[in-house]
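Reckoned from all heavy atoms, side chains included, excluding hydrogens, waters and symmetry mates. Position 1 is the first residue of the sequence, and the numbers go up from there.
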Amino acid sequence: MNKFTTTMAFATLSISSLFPSASVAADDAKHIPGIFIGATHIESETEFTFGFEYEYKLDAQWGVGAVFERTNDGAHSDGVAVGLAALYYHPIKNVRLGAGIGEERIGGAHPHDETLYRLSASYDFHVAEFGLAPTIAVDFIDNEEAIVFGVAVTRPF
């Protein structure tokens with residue numbers, strides 16, 4: 001089993017163990033964990049990105065959360081990890097707009113950290129007890145912009 005397969009299997013088992021068996025209507029859910037799969041485009045590189053996200057809904061319009069993403073081949077194969085805290089606004093049902101601040105950590109021979117600011121938007125489609133949320137985000141890092149796009153699979157409860 002390669003490193004990616006092992007990581008995704010562990011992530012799936014870990015996150016699925018957090019979900020209660022009783023379902024809650026997505027509109028009433030306070031906790032929204034998810035798995036993100038997509039890509040990050042910066043300069044002329046577009047690389048596979050995966051991660052985890054979590055939102056705690058304060059009320060119908062506002063939520064707070066955290067995001068962790070990993071782009072193993074990013075930064076010329078040095079690997080990039082992103083962690084951030086975010087504030088979310090839901091102007092209408094199923095739409096989520098976010099603003100966050102965090103850190104981008106680049107590995108390799110000369111590892112370093114940069115402050116990251118993120119603006120994001122997603123739309124949540126409900127399929128049974130799960131959500132599918134196409135997402136796009138723009139990261140602002142040290143005078144550069146990265147576009148992150150993909151889909152999050154969520155399980156509100």
Side-chain angles (χ1 to χ4, degrees), residues 1-20 23-24 26-27 29-43 45-58 62-75 77-91 93-107 113-141 144-157:
M1 205 183 292
N2 67 30
K3 188 176 181 180
F4 172 72
T5 305
T6 303
T7 302
M8 291 308 290
F10 177 74
T12 302
L13 289 173
S14 297
I15 287 183
S16 65
S17 68
L18 298 174
F19 301 140
S23 66
V24 174
D27 294 340
K30 290 284 189 189
H31 304 277
I32 307 170
I35 298 173
F36 176 82
I37 297 176
T40 298
H41 177 81
I42 188 166
E43 295 174 352
E45 292 184 20
T46 302
E47 301 294 346
F48 175 73
T49 300
F50 65 96
F52 307 100
E53 60 183 52
Y54 173 77
E55 178 184 3
Y56 177 79
K57 291 203 58 181
L58 302 168
W62 294 98
V64 294
V67 174
F68 173 80
E69 292 171 352
R70 179 86 182 144
T71 306
N72 288 334
D73 292 328
S77 297
D78 285 340
V80 177
V82 168
L84 62 101
L87 176 65
Y88 296 110
Y89 175 60
H90 300 264
K93 185 176 179 177
N94 299 341
V95 172
R96 180 173 81 171
L97 305 175
I101 184 170
E103 182 176 83
E104 174 189 67
R105 180 168 290 179
I106 298 174
D113 301 338
E114 299 284 342
T115 300
L116 171 140
Y117 302 94
R118 173 174 285 188
L119 296 176
S120 64
S122 64
Y123 187 88
D124 195 22
F125 295 95
H126 298 285
V127 179
E129 297 176 357
F130 293 88
L132 293 174
T135 302
I136 187 161
V138 180
D139 292 344
F140 301 93
I141 314 125
E144 293 183 318
E145 294 176 13
I147 307 293
V148 182
F149 54 93
V151 64
V153 179
T154 64
R155 174 58 167 80
F157 65 93

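- Minimum heavy-atom separation, Leu119 to Ala99: CD2-CB, 4.0 Å.
- Residues forming a side-chain hydrogen bond (donor to acceptor under 3.5 Å, both in side chains) with Thr46 (at least two apart in sequence, or on another chain): His41.
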Kindly determine whether Val82 and Val67 satisfy side chain to side chain contact (heavy atoms under 4.5 Å, CB included), including the steps that lead there. CA-CA 8 Å; Val82 168; Val67 174; 5.6 Å; no

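- A donor-acceptor contact shorter than 3.5 Å is absent between the side chain of Thr71 and the backbone of Glu47.
- Counting heavy atoms of neighbouring residues, nucleotides and ligands inside a 6.0 Å radius, atom CZ of Phe140 exceeds 12 of them.
- Note that CD of Glu55 and CG of Leu87 are 9.0 Å apart. Values are rounded to the nearest 0.5 Å.
- Below 30°, between 30° and 60°, or above 60°: for Phe52 and Phe68 the angle between ring planes is below 30°, a parallel geometry.
- Residues Thr40 and Ala146 come closest through the heavy atom pair CG2-CB, 4.1 Å.
- The one candidate from His90, Arg96, His31 that meets the side-chain contact (heavy atoms from CB on, under 4.5 Å) condition with Lys57 is His90.
- Not counting sequence neighbours, Tyr88 has no partner by the side-chain hydrogen bond (donor to acceptor under 3.5 Å, both in side chains) test.
- With sequence neighbours excluded, no residue forms a salt bridge (charged side-chain N to carboxylate O under 4.0 Å, His left out) with Glu145.
- The shortest heavy-atom contact between Leu58 and Lys30 is O-NZ, 3.5 Å.
- In this structure, OG1 on Thr49 lies 9.0 Å from CG on Asn72, to the nearest 0.5 angstrom.
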Please lay out, stage by stage, how Leu132 and Val153 fare under the test side chain to side chain contact (heavy atoms under 4.5 Å, CB included). CA-CA 5 Å; Leu132 293 174; Val153 179; 3.8 Å; yes

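- Counting heavy atoms from C-beta on, the side chains of Ile35 and Phe50 never come closer than 4.5 Å.
- The minimum heavy-atom distance between Gly100 and Leu84, with the atom names listed, is CA-CD1, 4.2 Å.
- Minimum heavy-atom separation, Leu97 to Pro91: CD1-CG, 4.1 Å.
- Tyr123 pairs by the ring-ring contact (aromatic ring centres under 6.0 Å, His included) definition with Phe125, not counting sequence neighbours.
- Counting heavy atoms from C-beta on, the side chains of Asp139 and Glu104 never come closer than 4.5 Å.
- With sequence neighbours left out, Glu45 forms a side-chain hydrogen bond (donor to acceptor under 3.5 Å, both in side chains) with His76.
- In terms of heavy atoms, Glu53 sits closest to Ala152 at OE2-CB, 3.7 Å.
- Legend: residues meeting salt bridge (charged side-chain N to carboxylate O under 4.0 Å, His left out) with Glu69, ordered by chain and number and at least two apart, are Arg118.
- At least one side-chain heavy atom of Ile37 sits under 4.5 Å from a side-chain heavy atom of Phe48.
- Under the 4.5 Å side-chain criterion, counting only non-hydrogen atoms from C-beta, Tyr117 is in contact with Thr115.
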